[in-house]
Student: 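This is the structure I have questions about; it appears just below.
Only this structure's heavy atoms are used, side chains among them; waters, hydrogens and symmetry mates stay out. Counting convention: from 1, in listed order, for ligands and their atoms alike.
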Amino acid sequence: MEEKIQALREDAVEAAGEAGTLQAIEDVRVRFLGRRSELTRLRKGIGSLPAEERPTVGKLLTDLQGDITTALETRTVAIREEERRRAIEAERLDISLPGRRRALGGYHPITQTKIRMCEIFRGLGFEEVEGPEVETEYYNFDALNTPSHHPARDMHDTFYITDSVLLRTHTSPMQIRYMEQRQPPIRIVVPGRVYRRDADVSHSPMFHQLEGLLVDRDVRFSDLKGVLAVFAREMFGADTRVRFRPSYFPFTEPSAEVDITCIFCDGDGCRVCKRTGWIEVLGAGAVDPEVFRAVGYDPEEYTGFAFGMGIDRATMLRCRINNIRILFENDMRFLTQF
Ligand code: DAH
């Protein structure tokens, strides 16, 4: 009997030791301690033993049960520990790995150009203001001394909303709106979107301009030249020179188109400047007396100058692209380069 019990102990302890999972432990428990186990069977048989053997066998069986239970518990603890270790291993975090960078947004190249332009003019004492993109014919044309037969008023160029309401074709109407509200001295720049019915590699139906206006007593054409020369050097590089060519705008007299030395060939002549060494960047002039009359200023008392430049054109130069559409396609491969 004793040997049998000892053999049972060894079997059970070995089985418990080999159990690899909690389920296997449970199987071993059922097998050795369950209702249909050998142990249970032996216990039931105690009654039929001679009376003097019963206490000894009873004790042996109780010890056996204790040993099996202990073996199972020991193994259970080991399995739990092993599972915990594996879970920790699986969740392990390598804090020395570089973090995942969040992609930050940035300014669009056109906005960058606008910011830079306004910054330069702010340094020269100009205040930045904005005006409406939906304008009246009066502000966009009439008050700017643009008579109704002027080609700029042709349906071909202008998006009309009604007979007298339109999408502004330039930022110049803000000259009128601002002067109507203020008295000189005036020094403003007006960045903003403008619209024209025009679309090819260098024209977009929506584009951006920066308007400038300075009005005071004794303003001369040389002041305009000085301001634009400083601007060109700040914007396009210290060696940049400017050139004024006579031109015509209804709202300035005299008027000029202003070129800068080509930033690609330094004026030697290349494909971008069509071998001329110069690139046109803006229109400008002395404010026409008719414009002053439209806002109630006395042209005998005040003089001034105005200019208007393309922000997109300047951006194309800066980004070295020859197709304006790239600026409006929002292709991240292009945008993230600037
Ligand atoms: N408004 C003109 C245009 O869109 C540009 C311009 C030229 C603005 C001369 C001015 C100026 O203020 O003086 O073509």
Student: May I ask you to identify the nearest protein heavy atom to atom 11 (C) of ligand 1, giving residue, atom name and distance to one decimal place in Å?
Tutor: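 Answer for atom 11 (C) of ligand 1: F251 CE1, 3.5 Å.
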Student: So if I count the atoms of ligand 1 from 1 in the order they appear, which ones are less than 4.0 Å from some heavy atom of F307?
Tutor: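 Listed by number with element: 8 (C), 10 (C), 11 (C), 12 (O), 13 (O).
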Student: Could you see which bit of A284 sits under 4.0 Å from ligand 1, with heavy atoms only: side chain, backbone, both or neither?
Tutor: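 Near ligand 1, A284 shows its backbone, while the atoms from C-beta on stay back.
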Student: Compute the shortest N/O to N/O distance between G212 and ligand 1 and return yes if it is under 3.5 Å, no if not.
Tutor: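 It does not: no N or O of G212 is found under 3.5 Å from an N or O of ligand 1.
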Student: Which of the atoms of ligand 1 are close to Q175, meaning less than 4.0 Å from one of its heavy atoms?
Tutor: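 Contacts of ligand 1 toward Q175, numbered from 1: 12 (O).
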Student: Short list, please: which atoms of ligand 1 are under 4.0 Å from a heavy atom of T252?
Tutor: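 Those of ligand 1 that fall under 4.0 Å from T252 are 13 (O).
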Student: If I take atom CD1 from residue I326 and atom OG1 from residue T315, how far apart are they, to the nearest 0.5 angstrom?
Tutor: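 Answer for the CD1-OG1 pair, I326 versus T315, is 12.5 Å.
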Student: So that I know where these two stand, are F121 and F307 an aromatic pair - ring centroids less than 6.0 Å apart?
Tutor: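 Judged by ring-centre distance (under 6.0 Å), F121 and F307 do meet the cut-off.
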Student: What protein heavy atom is closest to atom 12 (O) of ligand 1, reported as residue, atom name and distance in Å?
Tutor: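 The closest one turns out to be E211 OE2, 2.6 Å.
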Student: Distance under 4.0 Å to a non-hydrogen atom of F249: what atoms of ligand 1 satisfy this?
Tutor: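 Close to F249: 7 (C), 9 (C).
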Student: Quick one: does L61's side chain get under 4.5 Å of I46's, heavy atoms only?
Tutor: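 Heavy-atom side-chain distance check passes, below 4.5 Å.
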Student: Count the heavy atoms belonging to other residues, nucleotides or ligands that lie under 6.0 Å from CZ of R313, then report whether that count exceeds 12.
Tutor: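 No, not enclosed.
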Student: Could you tell me, atom by atom, which parts of ligand 1 come under 4.0 Å of a heavy atom of G308?
Tutor: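 Checking each atom against G308, I get 6 (C), 8 (C), 10 (C), 12 (O).
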Student: Tell me whether the guanidinium CZ or amine NZ of R177 lies under 6.0 angstrom from the six-membered ring centre of Y139 and within 45° of its axis.
Tutor: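 Checked: cation-pi criterion met.
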Student: Using a strict cut-off of 4.0 Å, indicate which atoms of ligand 1 neighbour a heavy atom of Q209.
Tutor: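 Reading through ligand 1 atom by atom, the close ones are 3 (C), 4 (O).
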Student: May I ask you to identify the nearest protein heavy atom to atom 14 (O) of ligand 1, giving residue, atom name and distance to one decimal place in Å?
Tutor: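 Ranking protein heavy atoms by distance from atom 14 (O) of ligand 1, first comes R196 NH2, 3.7 Å.
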Student: Give the numbers and elements of all ligand 1 atoms closer than 4.0 Å to a heavy atom of G285.
Tutor: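 It comes down to these atoms of ligand 1: 13 (O).
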Student: Counting only heavy atoms from other residues, nucleotides and ligands, does the tally under 6.0 Å from CD of E301 exceed 12?
Tutor: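 Above 12, so yes.
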Student: When rounded to the nearest 0.5 angstrom, what is the spacing between CG in D223 and CG in L228?
Tutor: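 With rounding to 0.5 Å, CG (D223) is 11.0 Å from CG (L228).
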Student: Give the intermediate values and the outcome of side chain to side chain contact (heavy atoms under 4.5 Å, CB included) for residues M235 and T113.
Tutor: CA-CA 9 Å; M235 188 75 203; T113 308; 3.7 Å; yes
Student: What atoms of ligand 1 come within less than 4.0 Å of a heavy atom belonging to S172?
Tutor: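 Heavy-atom distances to S172 below 4.0 Å select 1 (N), 8 (C).
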Student: Could you check whether H170 and F249 have their ring centres less than 6.0 Å apart?
Tutor: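 F249 vs H170: aromatic centres not under 6.0 Å.
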